[in-house]
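Before any comments, here is the structure.
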Number of protein chains: 2
Amino acid sequence: MEDRRNDGQRPPATLASIAARVGVSANTVSRALRAPDTVRPELRRKIATAMEDLNYVPNRLAGGLAGTRSDLVGVVVTSLYYSEFATIVDRLQSTLLASNLHVMLANTRYDADEELKLVRSMLSWRPAAIAIIGVDHHPKVNDLLRHSGVPIVEMWDLDGDVIDSAAGLDHGEIGAAQARHLIERGYRNLAFLGSMREIDARAAKRAAGMRRLAERQGLPPVVMKTRAEPGHPDLGEALCLELLADNPAIDGIVCNSDTVAYGVLRGLRKLAKNVPEDVGVIGFGDAEASACLTPTLSSVRPDRDNIGRLSAEIILERLRDKPSRIAPIDWDIVARDSSRRGMPTIGNDM
Amino acid sequence: MEDRRNDGQRPPATLASIAARVGVSANTVSRALRAPDTVRPELRRKIATAMEDLNYVPNRLAGGLAGTRSDLVGVVVTSLYYSEFATIVDRLQSTLLASNLHVMLANTRYDADEELKLVRSMLSWRPAAIAIIGVDHHPKVNDLLRHSGVPIVEMWDLDGDVIDSAAGLDHGEIGAAQARHLIERGYRNLAFLGSMREIDARAAKRAAGMRRLAERQGLPPVVMKTRAEPGHPDLGEALCLELLADNPAIDGIVCNSDTVAYGVLRGLRKLAKNVPEDVGVIGFGDAEASACLTPTLSSVRPDRDNIGRLSAEIILERLRDKPSRIAPIDWDIVARDSSRRGMPTIGNDM
DNA sequence: TTGAAAGCGCTACCAA
DNA sequence: TTGGTAGCGCTTTCAA
């Protein structure tokens with residue numbers, strides 16, 4: 001197959017090559033870019049034309065090295081799937097872009113070693129700030145971030161040792177609220193089910209909040225049914241079948257994610273258990289499909305837009321030397337049919 | 001609130017500061033990092049300790065500027081949602097990382113101007129290669145990429161003017177296959193429904209493939225029902241209600257994404273249309289939830305793993321000066337209940 | 001309004 | 001096995 005790439009071409013244009021072509025100094029070209037007002041309009045136009053002609057793209061390695069500040073914000077997430085953090089990243093990016101900050105994204109895939117590598121890699125670009133999912137990191141990661149000298153915003157969680165600033169949820173409280181939701185509707189024998197990776201402290205916090213509440217209410221201990229695999233409906237179904245086989249009395253299931261809950265609903269159907277009459281189910285995250293299942297799935301909806309927007313705003317504030325802060329983010333329980341025991345099904349949620 | 005950030009600290013450690021501390025030249029420290037074998041083990045250990053102590057993080061701006069090659073691969077996607085491209089990015093990243101190439105991600109959000117800005121921004125980091133979704137770009141983007149002098153891999157699509165290499169699907173063929181799937185099951189009055197942004201040439205190609213097939217088969221013209229909004233179940237439901245109100249004869253709906261199809265199924269339920277008896281529905285993308293809906297949703301499953309892996313491999317090949325190539329990616333139709341007209345429902349897909 | 005010169009932190013090359 | 005030197009392409013003074 002022929003080589004379509006325009007190879008063997010001249011090296012990329014530099015400021016100097018533009019300058020030479022126009023007949024000015026590199027300095028002037030640089031100013032035409034960063035402070036156009038200080039360059040004669042006519043000259044400015046000539047320079048712009050030369051840049052177009054030569055397909056000039058500024059070299060940020062050089063710019064960043066020479067300059068004082070970077071326009072790069074590093075964003076470290078644990079996963080890209082299931083809209084879990086996609087909305088956050090999206091909002092973060094669009095808000096930062098409005099202030100001309102560019103996002104560089106890294107994905108740890110829930111791997112602590114990977115997190116360390118990626119944070120190190122991220123910092124090596126000398127970013128203006130870092131946004132990262134969670135507050136529970138590899139100790140070395142905490143160290144690196146703390147000594148980085150740039151603003152750090154931890155997102156999604158805020159229960160723990162915050163490095164600089166945070167915008168997140170109180171997962172312990174959410175776990176308790178999930179349990180309360182089921183208990184109020186008459187479910188008594190609760191289980192927590194789903195994917196739970198070691199690095200995912202948020203899941204553990206929700207489970208703990210749930211257990212505390214059940215205990216306070218004098219209910220049987222919460223049965224834990226988790227596995228360290230990525231969340232997927234198939235995992236949910238498998239865990240659900242195991243759970244009910246070992247604990248037939250279970251009548252309320254809190255899932256670690258909506259995706260897993262989808263599989264749980266499927267599993268319960270296979271076991272001929274009615275939802276919500278026999279078993280109540282609630283998920284976490286309120287994925288798009290949750291209002292389209294049969295029965296529709298109750299869930300917890302974090303205000304993701306706000307996490308992204310607020311994290312960006314905190315970064316901008318910190319860059320202007322405003323004080324750090326810890327911002328709790330709103331969430332609510334979306335009660336749908338999967339936990340509507342004893343109540344008439346009112347049809348699909350709009 | 002107090003300031004948790006360790007501010008006012010000494011500037012980040014440099015190679016020189018490490019060198020000074022150990023009492024060697026910066027050069028040696030650099031080699032200790034890039035070619036450890038050329039440094040005495042004892043010295044190497046001392047250097048490593050100093051780096052630990054000073055929390056040294058190499059400055060890639062300087063390294064990239066001085067060195068000959070970059071270990072950065074720019075990845076440009078159109079969206080981060082619905083696992084559409086998340087799996088691809090994930091696979092791409094993990095494959096590249098194995099060769100010590102780091103991914104920098106940008107998200108155009110289906111905005112052509114944004115694409116131009118982001119590609120320019122990407123190139124300004126002097127990446128070793130670029131992977132980008134689609135083959136239909138802003139003309140200026142084509143220009144920039146073509147002149148960038150680095151390998152370019154276009155992903156997800158391959159029907160059009162490929163810049164360098166591609167790993168993707170033939171969307172026209174997929175559209176035809178979706179239509180054929182419905183036609184074979186007895187559906188006759190077809191519609192194409194969903195989100196369709198101007199920049200999303202893939203959707204247009206699938207719709208065109210579908211229309212061509214319907215015409216060849218002498219069926220009524222395919223009704224188009226699209227809107228330039230992001231795909232979401234609510235959009236699907238709204239479009240579905242409109243569609244059936246204006247075209248009551250429609251009995252086969254090809255959706256532009258599974259997410260939109262979820263809303264279509266909900267809309268059809270509200271209209272008291274039975275799926276698959278009255279209306280057949282097929283989506284695109286095979287999202288996780290599709291096997292969990294009632295009825296389960298038929299869809300097209302692209303081999304996303306392969307797109308990501310292959311794109312990474314092509315990049316590695318190109319960096320070793322192997323020839324460019326255009327790699328068609330497998331896909332198949334996952335036939336589930338939503339298009340199983342006249343056939344007994346066999347229960348939930350596993 | 002423009003230019004000259006220094007230097008950001010690193011790598012590459014050559015010499016020791 | 002180590003060190004010296006010369007840049008990489010840009011920004012930042014300062015001077016013209």
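Numbers restart at 1 for each chain; the letters A, B, ... are given by sequence-line order, proteins then strands.
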*Calculate the interatomic distance between B:Arg60 atom CZ and D:dC8 atom C1'; express it in whole Å.*
17 Å

*Taking atom types as modelled and ignoring hydrogens, do the side chains of A:Gln93 and A:His102 form a donor-acceptor contact shorter than 3.5 angstrom?*
no

*With DNA chain D as reference, determine whether A:Gly67 or B:Leu65 sits nearer its 5' end, using the nearest nucleotide of each.*
B:Leu65

*Nearest whole angstrom, please: distance from the P of C:dT2 to the NZ of A:Lys46.*
11 Å

*Using only side-chain N and O atoms of A:Tyr56, determine if any of them is under 4.0 Å from OP1 or OP2 of D:dC10.*
yes

*May I ask you to decide whether B:Glu84 forms a salt bridge with B:Arg304, counting only side-chain N to carboxylate O separations under 4.0 Å?*
no

*Residue A:Thr14, side-chain heavy atoms: nucleotide from D:dG9, D:dG3, C:dC10 that is nearest*: D:dG9

*Of the listed nucleotides D:dG3, D:dG9, C:dT11, the one nearest the side chain of B:Leu15*: C:dT11

_Carboxylate-amine/guanidinium proximity below 4.0 Å for B:Asp305 and B:Arg91_ = yes

*Decide, yes or no, whether a salt bridge links B:Glu52 with A:Lys140 under the criterion of side-chain N to carboxylate O below 4.0 Å.*
yes

*asked:* Any residue in residues 29-43 of chain A with a heavy atom nearer than 4.0 angstrom to DNA chain C? Just list them by number, or reply none.
replied: A:Arg31, A:Thr38, A:Val39, A:Arg40, A:Leu43

*Salt bridge between B:Asp53 and B:Arg21, side-chain N to carboxylate O under 4.0 Å?*
yes

*Any luck finding a side-chain donor-acceptor pair between B:Thr78 and B:Arg197 under 3.5 Å?*
no

*Round to a whole Å and report the spacing from CG of A:Asn59 to P of C:dC8.*
18 Å

*Nearest-Å distance, CD1 (A:Ile18) to C1' (D:dC10)?*
13 Å

*Roughly how many Å is it from CZ in B:Arg126 to P in D:dC8, rounded to a whole number?*
14 Å

